[in-house]
Amino acid sequence: MRIHWHRRDLRLADNLGVTRTEGTESVVPLFVFDQEVLDHAGAPRVAFMLDALQSLRDAYRERGSDLLIRHGDPRDVVPAVAEKFDAEAVSWCRDYSGLARERDAAVRRELDEIGVAREAVHDAVHHEPGSITTNAGDPYSVFTYFSKKWHDREKREPVDAPSSDDLADVADDEPVPSLGDLGFEEPDAVIPSASTEAARERLESFCEDAIYRYEERRDYPADECTSRLSSHLKFGTIGIREVYDTTDRAHADAPSEGARESVFEFQDQLAWREFYTQVLEANPQVVTENFKEYDNSIAWRDDPEALQAWKDGETGYPIVDAGMRQLREEAFMHNRVRMIVASFLTKDLHIDWREGYDWFREKLVDHDTANDNGGWQWAASTGTDAQPYFRIFNPMTQGERYDPDAEYIKKYVPELRDAGPEIIHSWHEASLTQRRSAAPEYPDPIVDHSERREEAITMFEMARGGE
DNA sequence: CTGGCCTTAGA
DNA sequence: CTAAGGCCA
């Protein structure tokens, strides 16, 4: 009898923690609601997780078993469940973020004390942190070189879901709690389905078609040709081996060399995910500290009004506002737009990236410490492989380039629906009269980009030790 | 030790 | 044209 403690691996198929190739012990699956984790979570993300949990429980029940649901501190609950079932071992899939590592180490100590074997299984990434290093043996802090080695490495094949023979005949009457039970209000955003079936449908349909346009069109938010698998990868409702394997088959079936390259480009995004996982594992302090050290501290502004306008999507920069409103409405934002709004917060509003990271953590279903922190620090020029501080996104140019017909902007900013793309993409230099006649309800720009850009460069030159 | 390459661009 | 810095050969 082995307890498998589910955390961010809410699936049965392609789960290296649940399915073991050796041994015939039966598995008792467990999930623990940990208040410390819930304290750091937002309602959209918890709503998705609860749906994933219900699906996971259904899958176990279909196989004549059940998912045990408990509430409390895992360092008490996990050993208690192990003792109750007289388990020989407890397994879980490794989570590489700092908070999880501290928690898991504490659980490990408790289990050692009562003499229960435990195994932390490498499952969430293809290549575990520390396994891809520079030729000098150090963790990479530049993506390009990491990526080359990541692609060259052999990838493991997916494993099957366990059969009912592998699962313990248990039943549990503790229900999956509601959002309200956990102290959250119902989110305004519509939350997508979190089942493994839903993840597979997304993956399959993405790999039939959009993946072949991915390289060319992924930066155009109106196209919606990204995979939208991020939330499923965050909660492990689909396995990373299954994702890679399916893209590899799309690679084999690609109709042209360009289509093959496009599949490779998508796989490169999977490599980014593993790059940031190993950055966080090697540098757990980046959650709160700049990765890149400047001589002096960066003089971020304390500007609550500007921060609120950014959160509300009321900055008067159309592409920024569209992104921030998509975040509220869908608990999701297109990746290109994430970079634009992050650049705007840090380089135009001069607000600390941590404020933006906190807002994303609260609002995004797919929030992942490693990826979000990596992305924010990249945009803020404080991270690994960071955007140089003097290379600052121009929000108008970005909008014009990646949303030329303002299709994405109009979808999320109804005040601009009757305005033409020309005035939308030159909103910052249009006259007051032009703005009022084109879109009377849409705000004027809250800052002057070219002014703020110069000030941002000065702010970073000071931080670098300039006069 | 050092030159060259490469960055999810902008002015 | 600008221009920082990790990594490699």
TODO: Not counting sequence neighbours, list each pair that qualifies as a side-chain hydrogen bond (donor to acceptor under 3.5 Å, both in side chains) and has a residue in residues 203-213 of chain A.
DONE: A:Asp209-A:Arg213

- [ ] May I have all residue pairs that pass side-chain hydrogen bond (donor to acceptor under 3.5 Å, both in side chains) and include part of residues 439-457 of chain A, sequence neighbours excluded?
- [x] A:Arg301-A:Glu455, A:Asp321-A:Tyr442, A:Asp348-A:His449, A:Arg435-A:Asp444, A:Arg436-A:Asp444, A:Asp448-A:Ser450

Could you give the [atom1]-to-[atom2] distance, from [X] to [N], as a whole number of Å?
X        : N      : atom1 : atom2 : result
A:Ile392 : B:dG10 : CD1   : P     : 10 Å
A:Tyr389 : B:dA9  : OH    : P     : 18 Å
A:Lys347 : B:dA11 : NZ    : C1'   : 16 Å
A:Arg453 : B:dA9  : CZ    : P     : 14 Å

TODO: Give a yes or no on whether the backbone of A:Tyr140 and the side-chain of A:Gln278 come within a donor-acceptor separation of less than 3.5 Å.
DONE: yes

Mark yes or no: [X] above the aromatic ring of [Y], with NZ or CZ under 6.0 Å from the six-membered ring centre and no more than 45 degrees from the axis.
X        : Y        : answer
A:Lys292 : A:Tyr389 : no
A:Arg101 : A:Tyr96  : no
A:Lys411 : A:Tyr408 : no
A:Arg241 : A:Tyr244 : no

Task: Passing candidate, side-chain hydrogen bond (donor to acceptor under 3.5 Å, both in side chains) with A:Ser91, options A:His4, A:Glu119, A:Arg20 - done: A:His4

Task: Stems formed with participation of DNA chain B [Watson-Crick or G-U wobble, under 3.5 Å, three or more pairs] - done: B:2-7 with C:4-9

TODO: With rounding to the nearest 0.5 Å, note down the distance linking OG1 in A:Thr134 to CG in A:Asp138.
DONE: 4.5 Å

TODO: Give, ordered by number, those residues of residues 128-138 of chain A having at least one heavy-atom distance below 4.0 Å to an atom of DNA chain C; if nothing qualifies, reply none.
DONE: A:Thr134, A:Asn135

Open item on the list: Parallel, tilted or perpendicular: which one describes the rings of A:Phe146 and A:Phe143, with boundaries at 30° and 60°?
Closed with: tilted

Task: Leading and trailing nucleotides of DNA chain C with any atom under 4.0 Å from heavy atoms of chain A - done: C:dA3 to C:dA9

For [Y] together with [X], are the ring centres under 6.0 Å from each other?
X        : Y        : answer
A:Phe264 : A:His251 : no
A:His6   : A:Phe235 : no
A:Phe360 : A:Trp376 : yes

Please list each protein N or O that sits under 3.5 Å from an N or O in nucleotides 2-7 of chain B, with the distance.
none

TODO: Could you tell me whether A:Asn335 contacts a base, only the sugar-phosphate backbone, or nothing, with contacts defined as non-hydrogen atoms closer than 4.0 Å?
DONE: base

